[in-house]
Amino acid sequence: MMIRDLIGQIIAQAVASLRESGGLPDVELPPIEVMRPQIAEHGDYATSIAMKLAAAAKAAGVKANPRAIAESIATQIRETVEVVPAYNLVESVEVAGPGFINLRLKPSWLLAQAATVVAAGASFGTVTVGNGKRINLEFVSANPTGPVTVGNGRGAFIGDTLGSLMRAAGFEVTKEYYFNDFGAQIDKLGGSMEYYLRLALGESDAPKPEEGYFGPYYATLARQTIEFFGNDGRALLDLPAEERPSQIGKAFAALIMGDIRQTMASLNIEFDVFFNQASLDTSGELQEGIEQLRAAGYTEERDGALWAKTTLFGDDKDRVIMRSNGEPTYFASDVAYMRNKFNRGFDRLIIVLGPDHHGYITRLKAVAQMLGHTADDMHVLLYQVVTVKGMRMGKRLGNIITLDDVEEEVGADVTRFFYLMRSGDTPLDFDLDLARKQTDENPGLSVQYAHARTAGIFRKARELGVTPDQYENADLTVLANDPPGELSYELALMRQVLRLEEVVERAALTLEPHHMTRYGMDLADAFHLFYDHCPMLKQGADVPLAVRNARLRLLQAAQAGLARTLALLGMSAPERMERAEPDNAPA
RNA sequence: GUGCCCGUAGCUCAGUGGAUAGAGCGCUGGCCUGCGGAGCCAGAGAUCGGAGGUUCGAGUCCUCUCGGGCACGCCA
């Protein structure tokens with residue numbers, strides 16, 4: 001059980017027994033919230049239940065003093081933790097301010113948790129709130145008409161990391177990419193690629209389509225194709241004119257989709273399912289979806305077209321589902337796809353979308369409801385725009401910056417960290433100059449460096465003949481006798497490590513992965529401070545053997561916490577940092 | 001015009017209705033010969049865009065307002 005929940009249980013038990021004995025106003029009990037005080041002096045956890053109770057009593061016309069209520073609850077908590085052995089982690093219970101009850105944990109208990117953390121290892125930080133609920137998490141879903149941009153990248157990292165966090169929080173998550181490789185967009189791609197293929201073959205007078213996809217990316221793609229296939233590249237161009245756009249488009253969509261998958265893979269973004277929109281048509285689900293809405297009475301014929309009455313569910317206008325020419329619209333695919341997801345048994349669908357899609361939210365929620373689910377079963381997670389500061393000009397393709405460009409500049413790990421540092425609700429200004437820095441100023445590297453440092457110390461320990469069996473069962477309570485200065489760093493580190501499970505839970509429930517990067521920085525800071533102030537192996541320093549062993553044990557817990565944090569962020573946990581010269585940017 | 005997001009330190013941003021609003025970068029001063037190095041310690045810096053309201057308590061919730069961003073197809 002999470003420590004915070006255990007504290008909540010203790011408080012709840014104390015409140016319950018106090019109510020039984022008539023020691024509290026007889027009003028409905030407000031929910032007991034356990035929070036973390038902002039100020040360390042206020043303890044590890046706090047609750048405002050006394051003030052809430054007093055307010056409820058006042059509303060019911062019963063006289064109540066919040067501080068007095070807090071005092072009696074606090075007294076009851078002290079008794080409770082005294083008699084229940086499992087509650088033997090509370091050091092003190094104090095009433096403060098207008099009626100807060102502050103609880104402080106025993107330093108010896110906190111330190112002893114190192115063993116729990118190390119034992120949990122790679123599964124440390126796993127919580128159960130998700131309760132096995134099945135989640136479909138769709139993100140990126142960019143059509144294969146061009147490279148992945150820095151904008152798409154944000155959805156990619158948010159989605160991928162959220163998936164990891166939700167899994168750690170006990171949800172069953174399927175990560176999905178939806179794409180379309182046929183239709184008007186792809187034909188347009190075909191037209192553009194025909195033009196670039198001809199240019200690559202030396203036809204300088206090739207006609208340029210009025211509309212299409214243009215830029216160095218496509219020119220390069222055409223050149224590479226010609227280089228690779230030689231004159232066989234001509235085969236596509238010899239097709240009948242009416243087949244060329246779709247055939248060439250389909251061929252290049254496949255190539256581009258390969259590029260996209262490669263970009264994703266090299267940035268450690270993983271999908272469980274790549275869902276092709278075309279399959280909805282061939283399977284008949286497109287028609288079935290339309291039929292289901294029609295049967296449910298949610299459609300209407302107007303001007304020769306078939307409309308879905310989304311306005312019944314708050315949309316500002318109805319949406320065409322089948323054009324007057326009998327062609328289903330893209331919206332029809334949305335319906336069929338969502339229906340497909342629900343039919344696969346997901347409890348909740350989450351779609352990560354860019355800022356240009358916010359108009360889709362009510363529409364998609366309307367579809368969910370027309371399919372017999374609630375608006376909440378279909379959640380749209382929007383993120384804001386991405387700008388990049390400090391990109392070197394010259395090497396990039398035209399005026400767009402791709403995700404590959406960014407990765408090339410700063411590497412996959414730092415790219416991920418920087419993308420996840422900000423809440424999705426605010427615009428992201430990617431600071432490449434900071435991301436390039438190979439020092440501790442770079443917050444992403446700082447977390448990895450912390451992990452590398454732990455590994456380095458264990459390497460050093462081995463060199464000095466200190467083997468794991470010497471510290472693996474070390475008793476950390478000896479640290480409680482350390483000088484206050486050093487103990488405070490040890491406790492701060494342990495507290496940060498233990499906070500991981502709360503961060504995982506919060507990030508998963510709020511769908512906000514950025515809490516994890518913030519936490520990573522806090523954890524790394526706590527570790528670096530510990531490292532700076534609490535020598536473990538320093539030669540000649542006056543560190544008793546028992547203290548050394550206890551610190552190495554604590555170090556193991558810190559390493560486990562850092563490794564897990566990095567894993568959840570999709571970053572590598574290096575055993576050592578490569579030293580790069582400032583002029584020598586990493587690959 | 002309608003709708004959504006944002007406005008917090010010089011910059012980029014955290015902040016779960018709670019107590020004295022935080023971090024990173026930047027800035028100022030002091031210190032540092034060895035666990036591994038890119039440092040350590042201390043400090044300055046904020047009328048949380050503005051005005052009302054709800055609440056015992058508001059950066060957080062509601063209304064209005066100012067400023068910035070984005071979106072509003074029988075496109076996909």
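Side-chain atoms are counted along with the backbone in the values below, which use heavy atoms only and exclude waters and symmetry mates. Per chain, numbering begins at 1; letters A, B, ... match sequence-line order.
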Rounded to whole angstrom, note down the [atom1] distance from [N] over to [M].
N: B/G15; M: B/G7; atom1: P; result: 10 Å
N: B/C6; M: B/A42; atom1: C1'; result: 35 Å
N: B/G50; M: B/G57; atom1: C1'; result: 22 Å
N: B/A71; M: B/U63; atom1: C1'; result: 25 Å
N: B/A23; M: B/A9; atom1: C1'; result: 11 Å
N: B/U33; M: B/C25; atom1: P; result: 24 Å
N: B/G10; M: B/U2; atom1: P; result: 35 Å

Answer yes or no: is there an ion pair linking [X] with [Y], defined by an N-O contact shorter than 4.0 Å?
X: A/D318; Y: A/R363; result: no
X: A/E472; Y: A/R553; result: no
X: A/R104; Y: A/E94; result: no

Please work out if [X] contacts a base, only the sugar-phosphate, or nothing of the nucleic acid, heavy-atom cut-off 4.0 Å.
X: A/D429; answer: sugar-phosphate
X: A/M51; answer: base
X: A/D522; answer: nothing
X: A/A461; answer: nothing
X: A/H357; answer: nothing
X: A/T510; answer: nothing

Would you say a side-chain N or O of [X] is under 4.0 Å from OP1 or OP2 of [N]?
X: A/Q384; N: B/C5; result: no
X: A/H42; N: B/G18; result: no
X: A/R506; N: B/U16; result: yes
X: A/K188; N: B/A76; result: no
X: A/K389; N: B/U12; result: no

- Query: Taking only Watson-Crick and G-U wobble pairs with both distances under 3.5 Å, what dot-bracket line describes RNA chain B, where [ ] shows pairs that cross earlier ones and | shows pairs with another strand?
  - Reply: (((((((..((((....[...)))).(((((.......))))).....(((((..]....))))))))))))....

- Output all residues satisfying side-chain hydrogen bond (donor to acceptor under 3.5 Å, both in side chains) with A/N152, sequence neighbours left out; order by chain, then residue number.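 With sequence neighbours excluded, A/N152 shows a side-chain hydrogen bond (donor to acceptor under 3.5 Å, both in side chains) to A/T149, given in chain and number order.
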
Atom pairs, protein N/O to nucleotides 40-44 of chain B N/O, distance under 3.5 Å:
residue, atom, partner, partner atom, Å
B/C40, OP1, A/D532, OD2, 3.4

- Query: With a cut-off of 6.0 Å (strictly less than), are more than 12 heavy atoms of other residues, nucleotides or ligands near NZ of A/K188?
  - Reply: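 Atom NZ in A/K188 is crowded, with more than 12 foreign heavy atoms closer than 6.0 Å.
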
- If we require ring centres under 5.5 Å and near-parallel planes under 30°, does A/Y531 stack on B/C35? yes

